[in-house]
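So that the names make sense, note that chain A is the first sequence line, chain B the second, and so on, each numbered from 1.
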Number of protein chains: 2
Amino acid sequence: MNVIENTHPTEQCLKISQVLARIGDKWSLLIVGRLGGGPMRFGQLLRSIEDISQRMLTRTLRGLERDGLVRRTVVADLPPHVEYELTDLGRSLQAPVTVLSDWAANNLSAIDAARSSYDAADEA
Amino acid sequence: MNVIENTHPTEQCLKISQVLARIGDKWSLLIVGRLGGGPMRFGQLLRSIEDISQRMLTRTLRGLERDGLVRRTVVADLPPHVEYELTDLGRSLQAPVTVLSDWAANNLSAIDAARSSYDAADEA
DNA sequence: CCGCATCCTTTTAGATACTG
DNA sequence: CAGTATCTAAAAGGATGCGG
């Protein structure tokens, strides 16, 4: 067990924080999840995600591309279109996310229950 | 391999999104990380985390308490103080977070490199 | 010692309309 | 089809002072 005086956790946590700042927003993981099945076009993603605005999809894809998680390819068809797919780095993120996903699936109801009970106690 | 038409990923991802909405903010994981070493008092956390404002610490702790990840105990000392500690649910989150943490530690430099290279190409 | 309330500034997101 | 631009609404965050 760690004692309170240990110093390492903070550095580690700072790194997680930085990573979460990139992938932990409202849309990034949803997009990475959708892209897990293979390359998709902009319009496909837009229709597939439901509720995301065009602007947010553009912004989020740019961010993911900038961070090296997603590759953007312009296909010189007629009419031309754009394909997005995960990079190796992006795919390497899938395993950790799956672990978190499983925790989420198993504990979301517990969180919601705790929340309801907290809110109920709040009114008293 | 999944085909594009599969439907399950979206539900899963929605759950992750909801969980990330709770723990994926700027401070929650930092606090959970600090609390991993055992119970701490408000002022200890405040000094320990560096850069967090009193307001954000209060807000974040309330959120974690509401979600059942942290327990708040008022100690009737003189002067009285307050202790925070992880609940079982909070501790169960540590393992998934460690996986993500390891990924973060291993790939943060790759992300930063991708980012630099993207930004460099941007000016051309 | 703990933390709430208020005020104010900055950041982020959504709607809408328009371009190569 | 795949965006960009602009405007506005909402949320997050910091500073400060008060109260239990």
Side-chain angles (χ1 to χ4, degrees), chain A residues 4 14 17-31 34-35 39-67 70-85 115 118-119 121-124, chain B residues 4 13-14 17-18 20-31 34-35 39-67 69-85 118 121-123:
Chain A
I4 293 173
L14 281 174
S17 265
Q18 291 178 52
V19 170
L20 280 176
R22 293 168 220 289
I23 62 158
D25 65 89
K26 193 172 173 186
W27 303 113
S28 289
L29 281 186
L30 247 19
I31 293 176
R34 284 321 266 160
L35 250 30
M40 289 179 77
R41 301 166 53 158
F42 185 90
Q44 267 183 307
L45 281 168
L46 190 61
R47 283 184 301 277
S48 147
I49 291 190
E50 193 80 25
D51 284 356
I52 195 172
S53 66
Q54 207 179 35
R55 183 177 178 275
M56 278 299 104
L57 181 56
T58 301
R59 272 168 154 300
T60 308
L61 282 169
R62 283 282 175 283
L64 292 171
E65 187 194 0
R66 185 162 109 104
D67 289 343
V70 160
R71 177 165 35 248
R72 176 178 181 273
T73 314
V74 178
V75 178
D77 251 351
L78 286 178
H81 62 272
V82 182
E83 275 198 346
Y84 293 91
E85 63 185 323
R115 186 175 278 226
Y118 183 96
D119 290 348
D122 215 35
E123 293 163 23
Chain B
I4 293 173
C13 287
L14 282 173
S17 266
Q18 291 178 51
L20 280 176
R22 294 167 217 289
I23 62 158
D25 66 88
K26 194 173 175 185
W27 302 115
S28 290
L29 281 187
L30 247 19
I31 293 176
R34 285 320 268 161
L35 250 28
M40 289 180 77
R41 301 167 52 159
F42 185 90
Q44 267 185 306
L45 281 168
L46 190 63
R47 284 185 300 277
S48 147
I49 291 190
E50 194 80 27
D51 283 356
I52 195 173
S53 64
Q54 204 180 37
R55 182 177 181 274
M56 278 299 104
L57 182 55
T58 301
R59 276 162 90 78
T60 309
L61 283 170
R62 282 285 172 281
L64 292 172
E65 187 193 1
R66 185 161 109 104
D67 289 343
L69 298 166
V70 160
R71 179 168 30 250
R72 176 178 181 274
T73 314
V74 178
V75 179
D77 250 352
L78 286 179
H81 63 272
V82 182
E83 274 199 347
Y84 293 91
E85 63 185 324
Y118 183 96
D122 214 36
E123 292 164 23

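- Summarising the geometry, atom CG belonging to B:Asp51 is positioned 13.5 Å from atom CE belonging to B:Met56; distances are rounded to the nearest 0.5 Å.
- We find that CD1 of A:Ile49 is positioned 14 Å from P of C:dA13, with the value rounded to whole Å.
- With respect to B:Trp27, the side-chain contact (heavy atoms from CB on, under 4.5 Å) criterion is satisfied by exactly one of B:Leu61, B:Leu57, B:Ile49: B:Ile49.
- Remark: C1' of C:dG3 and CZ of B:Arg41 are 14 Å apart, rounded to the nearest angstrom.
- Between B:Arg71 and B:Glu85, at least one side-chain nitrogen of the basic residue sits less than 4.0 Å from a carboxylate oxygen of the acidic one, meeting the salt-bridge criterion.
- Going from atom CG of B:Leu61 over to atom C1' of C:dC2 covers 11 Å, rounded to whole Å.
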In 5'-to-3' order, the base (B), backbone-only (S) or no-contact (-) status of each nucleotide in nucleotides 11-20 of chain D, using a 4.0 angstrom heavy-atom cut-off, is --BBB-----
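- Here A:Arg66 pairs with B:Asp119 under the side chain to side chain donor-acceptor pair (under 3.5 Å) rule; sequence neighbours left out.
- Atom CG of residue B:Leu45 and atom CZ of residue B:Arg34 lie 8.5 Å apart, to the nearest 0.5 angstrom.
- The separation between A:Tyr84 atom OH and D:dA2 atom P is 8 Å, rounded to whole Å.
- Atom-to-atom, CD of B:Glu83 to P of C:dC2 comes out at 10 Å; the value is rounded to the nearest Å.
- Per the geometry, NE2 belonging to A:His81 stands 11 Å off P belonging to D:dG3, to the nearest Å.
- In terms of phosphate contacts, A:Arg72 brings a side-chain nitrogen or oxygen within less than 4.0 Å of OP1 or OP2 of D:dG3.
- The CZ-C1' distance, from A:Arg47 to D:dG3, rounds to 15 Å in whole Å.
- Between A:Arg59 and A:Gln54, every side-chain heavy-atom pair lies at or beyond the 4.5 Å cut-off.
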